[in-house]
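Just so it is clear: chains get the letters A, B, ... in the order the sequence lines come, proteins before strands, and each one is counted from 1.
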2 protein chains.
Amino acid sequence: MDQALISQVRGFNRIVTQRVGALNDRFLARDRSLGEARLLWEIGAEGRDVRYLRALLELDSGYLSRLLRSLEAAGLVTVGPKQSDKRVRIARLTPSGSAERAVLDERSDELAASLLAPLNAGQRARLVAAMAEVERLLTAAMVEVAPIDPGHPDAQHCLHAYFSELDRRFDAGFDPALSIPADLEELRPPAGLFLVASLRADPIGCGGLKFRGKEPAEIKRMWVAESARGLGVGRRLLSELEDCAAEYGARAVRLETNRALAEAISLYRSAGYIEVAPFNDEPYAHHWFEKQITSAPT
Amino acid sequence: MDQALISQVRGFNRIVTQRVGALNDRFLARDRSLGEARLLWEIGAEGRDVRYLRALLELDSGYLSRLLRSLEAAGLVTVGPKQSDKRVRIARLTPSGSAERAVLDERSDELAASLLAPLNAGQRARLVAAMAEVERLLTAAMVEVAPIDPGHPDAQHCLHAYFSELDRRFDAGFDPALSIPADLEELRPPAGLFLVASLRADPIGCGGLKFRGKEPAEIKRMWVAESARGLGVGRRLLSELEDCAAEYGARAVRLETNRALAEAISLYRSAGYIEVAPFNDEPYAHHWFEKQITSAPT
DNA sequence: TCGAATCTCTGACTATAGTCAGAAAATGGA
DNA sequence: TCCATTTTCTGACTATAGTCAGAGATTCGA
């Protein structure tokens with residue numbers, strides 16, 4: 001990788017860990033420890049599953065449990081069982097926990113204001129614009145794409161979101177019973193494959209492959225959460241699906257799509273997909289695309 | 001301050017402490033602890049006074065001493081007395097300490113590369129450009145401007161740098177003996193004032209005022225270090241000098257300058273200075289400027 | 001309905017990062 | 001010379017941030 005890019009990133013890292021990172025921790029930790037403050041923050045107004053918190057903060061389950069006991073003893077949170085699954089426990093803020101969190105919120109505002117304070121209006125506007133760009137691109141870089149069983153809760157979450165979006169966007173709604181099905185079995189090795197893109201603990205996109213022997217592999221269920229659009233997640237999923245298909249031995253991939261999905265269609269075109277004659281009788285499809293792939297070394 | 005700006009800064013802080021801050025620490029700490037790694041890094045190739053390290057890293061003296069003992073025991077540093085003051089001790093890297101530091105350097109490169117790795121070429125270029133902007137503006141926000149005695153070492157450093165730059169840039173060089181003098185006494189309250197801009201511990205710019213009773217106050221010795229140009233330090237010094245003059249009761253400020261100092265001249269013009277007839281016989285001056293000031297509340 | 005898996009918790013442990021008081025050596029100014 | 005100050009060091013302490021093994025409750029799938 002280009003050394004000039006690396007040097008610039010290092011310069012940025014130095015300034016930012018000094019000027020933002022160190023301060024951030026000190027601002028967030030009030031009387032309580034940083035770990036407790038972070039936890040209090042992440043529990044949020046709605047409450048959160050303990051297991052979700054564990055994934056989000058990447059904490060050891062024993063350690064997290066102890067932190068929760070300590071916040072509970074301080075009267076800031078209550079932890080109770082989840083109705084739908086009594087193994088899972090939910091942490092919620094008490095009124096005084098919410099008050100404490102509001103203080104953290106205020107401190108965070110103060111820190112942000114202190115970063116902007118020495119600058120004039122023009123500089124502030126430029127700094128904020130550049131920060132937005134850095135945030136967006138670093139977020140994009142944090143997205144992880146991994147193969148997962150299509151029956152896994154994260155995969156199911158994506159599939160439900162996908163179907164409900166289709167139902168919302170298609171002119172006449174969407175009924176999976178009328179569409180060509182893709183059973184979980186078909187999206188599971190060795191018949192197929194399912195990729196999920198996640199940001200921190202949240203699934204934000206998916207895409208499946210059905211292998212067809214000598215025929216081109218079929219791409220199914222491509223979806224990106226609204227909250228994650230503009231990060232290049234779709235393009236990344238598509239390219240990883242192509243790599244997987246190539247690895248499996250396919251020499252082309254193909255897919256069909258509906259005219260309502262304009263941004264998807266333009267993604268396919270810009271990724272080198274060529275419109276072809278219908279290769280199936282999917283009733284919801286208006287466009288069929290195909291792309292030749294070569295298993296180039298990464 | 002605008003809440004939209006604050007929110008954006010907060011979003012940035014969140015991502016950056018997570019993605020850069022936390023990783024930075026983990027990358028820096030190899031087998032040794034983060035404290036030791038940071039210390040090893042800051043001792044640097046040249047060696048450093050222990051008391052300087054204490055100020056830089058803001059460590060307790062007992063804690064720092066223990067860290068140094070531990071690095072010494074590992075054969076990475078030696079600590080010896082300073083010749084000029086035997087109370088002070090100097091820490092230096094041994095060859096194997098230098099080798100270890102080189103590894104840290106490499107890790108820092110790797111971290112930078114890992115931030116860029118998931119992105120495509122276009123995204124990388126945009127991220128690095130935005131990072132450069134953020135770095136520049138956060139650096140600008142770290143600059144502190146304060147009044148200081150013109151005899152203080154930092155002030156003297158600036159004045160020497162100023163004169164040597166004039167000598168370099170003026171067509172016929174610069175000899176202070178031929179110019180209208182500004183004795184230290186004239187730049188010291190109550191006759192005048194001297195401001196120094198600093199970035200972390202280093203002086204990077206200065207500017208003086210001579211008060212003239214009812215007459216406009218005179219701005220003298222405006223200088224910004226080459227390394228700090230483009231941060232808006234000149235504009236900030238100028239505006240703080242104007243504020244000081246207004247506070248003292250002046251209703252205008254004026255200054256003279258040489259045609260070789262093109263960027264200074266354009267700064268004066270854009271800050272609202274109007275070219276006027278010569279008000280003194282400074283032999284090195286080609287332009288004389290004046291600005292009416294109003295003591296507006298900040 | 002049984003066994004495997006999931007989720008949370010407790011107990012026992014370790015490493016890191018500090019804080020504080022006070023002692024010893026060297027320096028600087030009256 | 002004497003005494004206050006600076007600088008560093010040691011000993012004794014605490015808090016934070018974990019890690020790991022295993023137990024108990026619950027759920028899920030065959």
Length of the line joining [X]:[atom1] and [N]:[atom2], which is rounded to integer Å:
X	N	atom1	atom2	answer
B:L67	D:dT10	CG	P	13 Å
B:L39	D:dT8	CG	P	13 Å
A:E36	D:dA17	CD	P	8 Å
A:L64	C:dT8	CG	P	8 Å
A:L53	C:dC7	CG	C1'	13 Å
B:E72	D:dC9	CD	C1'	12 Å
A:Y63	C:dA15	OH	P	17 Å
A:K82	C:dC7	NZ	C1'	12 Å

Would you indicate what [X] reaches in the nucleic acid, counting non-hydrogen atoms under 4.0 angstrom: base, sugar-phosphate, or nothing?
X	result
B:L34	sugar-phosphate
A:R66	base
A:D85	sugar-phosphate
B:S33	sugar-phosphate

If you measure only the distance, is there a donor-acceptor pair under 3.5 Å linking the side chains of [X] and [Y]?
X	Y	result
B:E72	B:T78	no
B:R54	B:S61	no
B:S65	B:R69	yes
A:D175	A:Y284	no

Phosphate OP1/OP2 of [N]: any [X] side-chain N/O under 4.0 Å:
X	N	answer
A:R54	C:dT8	yes
B:R69	D:dC9	yes
A:R89	C:dC9	yes
B:R87	D:dT8	no

Where the side chain of [X] is concerned, which of [options] is the nearest nucleotide?
X	options	answer
A:L68	C:dT19, D:dT19, C:dC9	C:dC9
A:V88	D:dC9, D:dT8, C:dT8	C:dT8
B:S65	C:dA17, D:dC9, C:dT8	D:dC9

Check your understanding: Where each residue is assigned the nucleotide of DNA chain D containing its nearest heavy atom, which of A:R38 and A:K86 is assigned the position nearer the 5′ end?
Key -> A:R38
Review point. Taking the nucleotide of DNA chain D with the closest heavy atom to each, which residue, A:S84 or A:D60, is nearer the 5' end?
Key: A:D60
Exercise for review: Can you establish whether the number of heavy atoms outside B:E144 located under 6.0 Å from its atom CD is more than 12?
Suggested key: no
**Study point:** Positive for salt bridge (charged side-chain N to carboxylate O under 4.0 Å, His left out) with B:D85, one of B:R87, B:R89, B:K82
**Key:** B:R87
Review point. Per the atom types in the model, does the base of D:dC9 pair as donor or acceptor with the side chain of B:S61 at under 3.5 Å?
Key: yes
